[in-house]
Amino acid sequence: DAGVIQSPRHEVTEMGQEVTLRCKPISGHNSLFWYRQTMMRGLELLIYFNNNVPIDDSGMPEDRFSAKMPNASFSTLKIQPSEPRDSAVYFCASSFQGDYTEAFFGQGTRLTVV
Amino acid sequence: DAKTTQPPSMDCAEGRAANLPCNHSTISGNEYVYWYRQIHSQGPQYIIHGLKNNETNEMASLIITEDRKSSTLILPHATLRDTAVYYCIVRDRTTSGTYKYIFGTGTRLKVLA
C-alpha cells in the first residue's frame, strides 16, 4: 500500500479564496483524522471520521472549515473563505479502530494564504 | 487536551542510547501509550505502543512503569537521523467507543555527532 496520500503537497492561495485539501486513506482503514500544525499551536486534531461518519468535529476552528468523507477511500477538508491565519501544514491520518492498532500519517499539505 | 507531559528538549550523543521520558499520571486502565516522531515537517511516524508490558520492535523499546503513570522510550543506538520531535500520546477512547490521538508538545531530541 502507498500509505496515506494527500494532495496537493503545497497550496498557495489568496485570501478569500476557497481551498480544498484531499486525502486518500490506507485501504481497509475505517477511521480518518484531519490535523493542523502550526508553530504556535502544534498538532491539533480538527475532526475525525469512523466508517465515513464524522465522530468529533470539536477541533474545527470555525464555520469556514468543513470536512466530508463521501466514501471509505476519500476525504476532503475545505476552507471557505480562506484567511492568512489558516496558513499551516494540514495532515491526514488513517487507522483501523481496534485495541492494538496505530494511525498512519500522510506527508501533509502546506497551505499558504496570502 | 493531551494527557502527557514531556521535557521540551534533550540531547544525545551519536551511538549512545536515547532515553525519552513521559508522564501520564491520569492514564486509565485500558488506555494505550503511543510514541510517534516527526522529522522536520514530515508527517508523524509511528514508533511503538503498549498497554502495560514492555515492548520492543526494530525501532525502539518502550518501558512502562508498573503503575502505568510514566513510560520511557529507548532508542538503543541513536544516529543523526533520529534527530526529531518525539511525541508521547495516551490514546483517548471516546464515548462512542472509537479512538483518537491527541498530540502534546513533544520532546525535541537532537543527536550530536
Side-chain angles (χ1 to χ4, degrees), chain A residues 2-7 9-10 21 23-26 29-59 87-112, chain B residues 1-6 8-9 27-60 62 64 73 84-108:
Chain A
V4 177
I5 300 173
Q6 293 187 244
S7 64
R9 292 294 308 277
H10 302 275
L21 311 181
C23 177
K24 176 179 168 55
I26 292 173
H29 283 183
N30 60 357
S31 279
L32 184 140
F33 308 82
W34 282 102
Y35 290 84
R36 176 174 70 175
Q37 186 171 36
T38 60
M39 289 292 292
M40 292 296 295
R41 301 177 66 87
L43 260 171
E44 304 173 273
L45 177 62
L46 300 178
I47 184 172
Y48 78 99
F49 296 82
N50 191 55
N51 294 326
N52 310 337
V53 175
I55 300 299
D56 184 350
D57 65 354
S58 60
S87 297
V89 182
Y90 291 81
F91 289 104
C92 175
S94 73
S95 76
F96 184 78
Q97 287 280 346
D99 282 347
Y100 213 75
T101 59
E102 61 268 22
F104 295 89
F105 283 75
Q107 289 303 298
T109 295
R110 181 173 296 277
L111 173 66
T112 303
Chain B
D1 290 343
K3 294 183 176 180
T4 61
T5 55
Q6 300 176 253
S9 64
I27 192 170
S28 299
N30 59 354
E31 290 180 322
Y32 284 75
V33 178
Y34 281 72
W35 283 83
Y36 281 78
R37 73 181 182 183
Q38 188 174 26
I39 298 173
H40 297 302
S41 295
Q42 298 178 19
Q45 177 190 23
Y46 165 78
I47 301 174
I48 198 167
H49 71 283
L51 182 62
K52 60 179 75 173
N53 297 322
N54 298 338
E55 302 285 346
T56 296
N57 63 20
E58 65 279 5
M59 290 182 69
L62 174 60
I64 303 174
L73 178 75
V85 178
Y86 287 77
Y87 296 97
C88 171
I89 299 164
V90 171
R91 190 179 66 169
D92 268 350
R93 184 181 175 95
T94 68
T95 54
S96 66
T98 58
Y99 298 105
K100 61 182 181 181
Y101 303 78
I102 305 299
F103 285 74
T105 53
T107 295
R108 185 173 298 276

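Residue numbers start from 1 in every chain, and the chains themselves are labelled A, B, ... in the order their sequence lines are given, proteins ahead of strands. What you are looking at is a predicted structure, and each value in this text was computed from that prediction instead of being measured.
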Test ring-ring contact (aromatic ring centres under 6.0 Å, His included) on Phe103(B) and Phe105(A) and set out the steps. CA-CA 13 Å; Phe103(B) 285 74; Phe105(A) 283 75; 5.7 Å; yes
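- Of all the heavy atoms in Gln97(A) and Tyr99(B), the pair that sits closest is OE1-N, 2.7 Å.
- Contacts with chain B were tallied for Gln107(A), Gln6(A), Glu102(A); Glu102(A) has the most, counting heavy-atom pairs under 4.5 Å.
- For a residue to count as touching a neighbouring chain, one of its non-hydrogen atoms must lie under 4.5 Å from one of that chain's; by this rule Ile55(A) touches chain B with the side chain only.
- Of all the heavy atoms in Phe33(A) and Lys100(B), the pair that sits closest is CE2-CA, 3.8 Å.
- Of the two parts of Ser41(B), the backbone and the side chain both hold a non-hydrogen atom closer than 4.5 Å to a non-hydrogen atom of chain A.
- Thr98(B) pairs with exactly one of Asn50(A), Asn30(A), Asn51(A) by the side chain to side chain contact (heavy atoms under 4.5 Å, CB included) rule, that one being Asn50(A).
- Scanning for salt bridge (charged side-chain N to carboxylate O under 4.0 Å, His left out) contacts around Arg36(A) gives Glu44(A), with sequence neighbours left out.
- Using a 4.5 Å cut-off between heavy atoms, Tyr34(B) touches chain A through its side chain atoms alone.
- In this structure a side-chain-to-backbone donor-acceptor pair under 3.5 Å is missing from Tyr48(A) to Tyr101(B).
- Residue Gln45(B): no heavy atom, backbone or side chain, is found under 4.5 Å from chain A.
- For Asn54(B), the side-chain contact (heavy atoms from CB on, under 4.5 Å) criterion is met by Ile63(B), not counting sequence neighbours.
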